[in-house]
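Please read the structure below before turning to the comments.
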Amino acid sequence: MSKPIRVRFAPSPTGPLHIGGVRTALFNYLFAKKHNGVFYLRIEDTDQNRFVPGAEQYIFDALDWLGIAPSETVGKNEKFGPYRQSERKALYKQYADQLINSGWAYYAFDTAEAIDAHRKQHEEQGKTFIYNWHNREKLDTSLVISKEETEKRIAAGEAYVVRFKTPVNETLHLHDIIRGDINFETNLLDDKVLFKSDGMPTYHLANIVDDHLMETSHVIRGEEWLPSMPLHCLLYKAFGWEAPEFAHLPLILKPIGNGKLSKRDGDKLGFPVFPLEWKSEEGISSGYRENGFFPETVINFLALLGWNDGTDQELFSLNELIEKFDLNRVHKAGAKFDPEKNKWFNHQYLQKQSDESLAESFAPIIINKVGDSSFVGMTKLVKIVSLIKERANFISEFWELSNFFFESPTSYDEKATKNWKEDTGDIMKQLIAVLSAIEDFTSLNIETIVKDWMTATEIGMGKVMQPFRLSLVGALKGPHLFDIVELIGKEETIRRLEKAIATI
């Protein structure tokens with residue numbers, strides 16, 4: 001790593017940012033920070049037909065939320081700007097021309113219909129049509145027509161593309177940081193289109209030119225780009241430029257079955273595949289943020305999809321990930337996506353949050369449910385959160401775990417009411433009398449007095465505690481019973497006992 005570390009995330013604004021793209025951004029970010037380098041973001045929007053309004057801002061918002069914003073990007077430290085490829089359009093033609101002039105590329109005038117005809121002809125003969133060395137001098141290209149004729153057709157406005165002239169009979173010996181040494185036979189490669197007559201480059205040309213001009217030291221991207229590696233390395237050679245080092249990340253696989261994780265998997269199994277919610281004409285796709293995941297959770301579980309530090313450690317802060325991240329510990333094999341494990345991660349991060357912070361996030365939910373939370377008070381709310389958070393994976397689950405603190409039960413668990421015997425009502429009336437006499441209405445004191453009463457009257461614990469909890473909660477669930485009693489207060493406790501006696 002003699003030259004400065006500069007890595008990039010280069011998404012296309014064609015829709016919401018998939019969680020696989022987020023993982024690519026994260027690994028680039030971690031690598032850059034580990035080596036005191038630069039992580040920059042370039043918007044690759046050369047395909048204007050697929051451009052989706054709002055998608056670019058979504059990318060920035062997602063990375064900001066996750067805490068992995070780039071050091072350089074559109075409108076931010078544009079040292080090598082512009083950082084949108086569509087705004088770099090004027091750059092690319094000179095490089096396409098350079099390849100033409102050096103013999104590394106050629107003009108092709110074949111229409112889509114002509115290529116389709118060649119393809120069908122090959123299929124009829126049981127062959128596969130590949131536009132490359134074995135037929136490029138038989139097709140409508142500048143390799144077989146004169147320079148004058150070529151210039152005349154271009155001047156007349158005839159549509160063309162510039163194709164790369166892949167070398168013949170060569171074996172490329174390439175190296176990938178994750179996959180090691182890889183060989184490619186050039187005779188099996190097609191002559192990719194690099195530039196179109198509309199003045200726009202294809203991904204391959206723009207990507208190489210921009211990576212070079214932006215001084216990219218390492219290209220860390222998804223496995224799906226591995227087949228493009230030989231062309232990209234040949235392009236660096238054609239320009240006489242030093243190629244960056246390559247690292248192709250493993251796929252993120254479906255939770256069930258085989259293949260790459262897709263939005264359909266999320267829709268089918270009920271989990272998000274996008275960091276933030278995305279709204280379109282097709283509907284709303286949920287995001288991890290809106291589903292109640294902490295950004296630290298998403299960073300943590302994504303980091304472990306295809307990488308580990310060689311230990312059994314599972315919980316990493318962002319700083320720990322930066323310190324320990326190593327591309328040599330990224331796996332070649334795909335990583336199964338586990339939505340249930342992701343909930344476990346969120347549970348761990350929820351427990352790390354302060355009760356005060358969780359209470360502030362919970363308050364709007366209470367207001368939405370009962371119209372007001374002031375009757376509880378923040379001190380009590382913090383206490384309630386401390387009692388229930390261990391059972392929750394998400395703040396959104398707090399209401400279900402604690403609704404009985406805020407409203408009296410409207411029904412009682414049918415299975416639990418079977419334990420309400422003929423004498424239970426009388427026992428609960430005695431309990432009311434005991435509670436009414438207590439002045440220090442704190443959990444420990446209430447518990448001591450009630451248990452002393454049970455001992456003195458020789459009433460079994462089961463005859464008191466189960467119906468007592470059922471009266472307050474409506475079911476045999478919830479945290480320590482006497483904590484509930486203290487928090488809802490004496491008057492409400494007695495009111496609920498009286499209601500249960502009258503109802504059950």
So, taking the atom named [atom1] in [X] and the one named [atom2] in [Y], what distance separates them when rounded to the nearest 0.5 Å?
X: R496; Y: S408; atom1: CZ; atom2: OG; result: 5.0 Å
X: L99; Y: L235; atom1: CG; atom2: CG; result: 6.5 Å
X: T493; Y: L481; atom1: OG1; atom2: CG; result: 9.0 Å
X: L305; Y: H331; atom1: CG; atom2: NE2; result: 10.5 Å
X: F164; Y: L194; atom1: CZ; atom2: CG; result: 7.0 Å
X: L30; Y: W307; atom1: CG; atom2: CH2; result: 8.0 Å

Ring centroids only, cut at 6.0 angstrom: are W399 and F406 within range, meaning strictly under it?
yes
Centroid separation Y95 to F195 less than 6.0 Å:
no
Do [X] and [Y] have a side chain donor and acceptor closer than 3.5 Å?
X: T216; Y: Y40; result: yes
X: H218; Y: N28; result: no
X: H480; Y: E447; result: yes
X: Q57; Y: D61; result: yes
X: T171; Y: E185; result: yes
X: D483; Y: S443; result: yes
X: D210; Y: Y92; result: yes

Kindly indicate whether a cation-pi arrangement holds for K341 with F345, taking the cut-offs as under 6.0 Å to the six-membered ring centre and within 45° of the axis.
yes
Does R8 qualify as a cation-pi partner of F39, given the criterion of NZ or CZ under 6.0 Å from the six-membered ring centre and within 45 degrees of its axis?
no
Apply the side chain to side chain contact (heavy atoms under 4.5 Å, CB included) test between Y29 and each candidate in V7, L318, L321; give the one that qualifies.
L318
Is atom [atom1] of [X] surrounded by more than 12 heavy atoms (other residues, nucleotides or ligands) closer than 6.0 Å?
X: K477; atom1: NZ; answer: yes
X: K490; atom1: NZ; answer: yes
X: N258; atom1: CG; answer: no
X: E400; atom1: CD; answer: no
X: Q94; atom1: CD; answer: yes
X: K324; atom1: NZ; answer: yes
X: K76; atom1: NZ; answer: yes

Close side-chain approach of [X] and [Y], heavy atoms under 4.5 Å:
X: I5; Y: N36; answer: no
X: S402; Y: F362; answer: yes
X: L249; Y: V330; answer: yes
X: V382; Y: V385; answer: no
X: H232; Y: H204; answer: yes
X: L41; Y: P11; answer: yes
X: D181; Y: H173; answer: no
X: L231; Y: I208; answer: no

Identify whether the distance between the nearest side-chain nitrogen and carboxylate oxygen of [X] and [Y] falls below 4.0 Å.
X: R329; Y: D309; result: no
X: R84; Y: D45; result: no
X: R179; Y: E223; result: yes
X: K260; Y: E224; result: yes

Describe, in one word, how the ring planes of F274 and H18 are oriented to each other, choosing from parallel (under 30°), tilted (30 to 60°) and perpendicular (over 60°).
perpendicular
Nearest heavy-atom neighbours spanning [X] and [Y]:
X: G489; Y: F441; answer: C-CE2, 3.6 Å
X: W104; Y: K237; answer: CH2-CD, 4.3 Å
X: L213; Y: F80; answer: O-CD2, 3.2 Å

K192 vs D190, salt bridge (Lys or Arg N to Asp or Glu O under 4.0 Å): CA-CA, chis, key distance, verdict
CA-CA 6 Å; K192 292 288 188 188; D190 56 339; 3.5 Å; yes
Verdict with supporting geometry, S317 and N319, side chain to side chain donor-acceptor pair (under 3.5 Å):
CA-CA 5 Å; S317 68; N319 285 335; 5.4 Å; no
Can you tell which of R6, R42, K79 makes a side chain to side chain donor-acceptor pair (under 3.5 Å) with E72?
R6
If we check side chain to side chain donor-acceptor pair (under 3.5 Å) with T297, which of these qualifies: N342, N346, N393?
N346
Start with the C-alpha distance between T166 and D191, add both sets of side-chain angles, then the distance that settles side chain to side chain donor-acceptor pair (under 3.5 Å), and finish with yes or no.
CA-CA 6 Å; T166 309; D191 288 359; 2.9 Å; yes
Check the pair L174, F184 against side-chain contact (heavy atoms from CB on, under 4.5 Å), reporting the backbone distance first and the verdict last.
CA-CA 8 Å; L174 307 179; F184 294 93; 3.7 Å; yes
Show your reasoning for whether side-chain contact (heavy atoms from CB on, under 4.5 Å) applies to L350 and F294.
CA-CA 8 Å; L350 188 147; F294 298 104; 3.7 Å; yes
Please evaluate residues V22 and L66 with respect to the criterion side-chain contact (heavy atoms from CB on, under 4.5 Å), reporting the C-alpha separation (whole Å), side-chain torsions for both, the decisive distance (0.1 Å), and the verdict.
CA-CA 9 Å; V22 175; L66 290 163; 3.4 Å; yes
In this structure, which one of F337, Y288, F293 forms a ring-ring contact (aromatic ring centres under 6.0 Å, His included) with F271?
F337
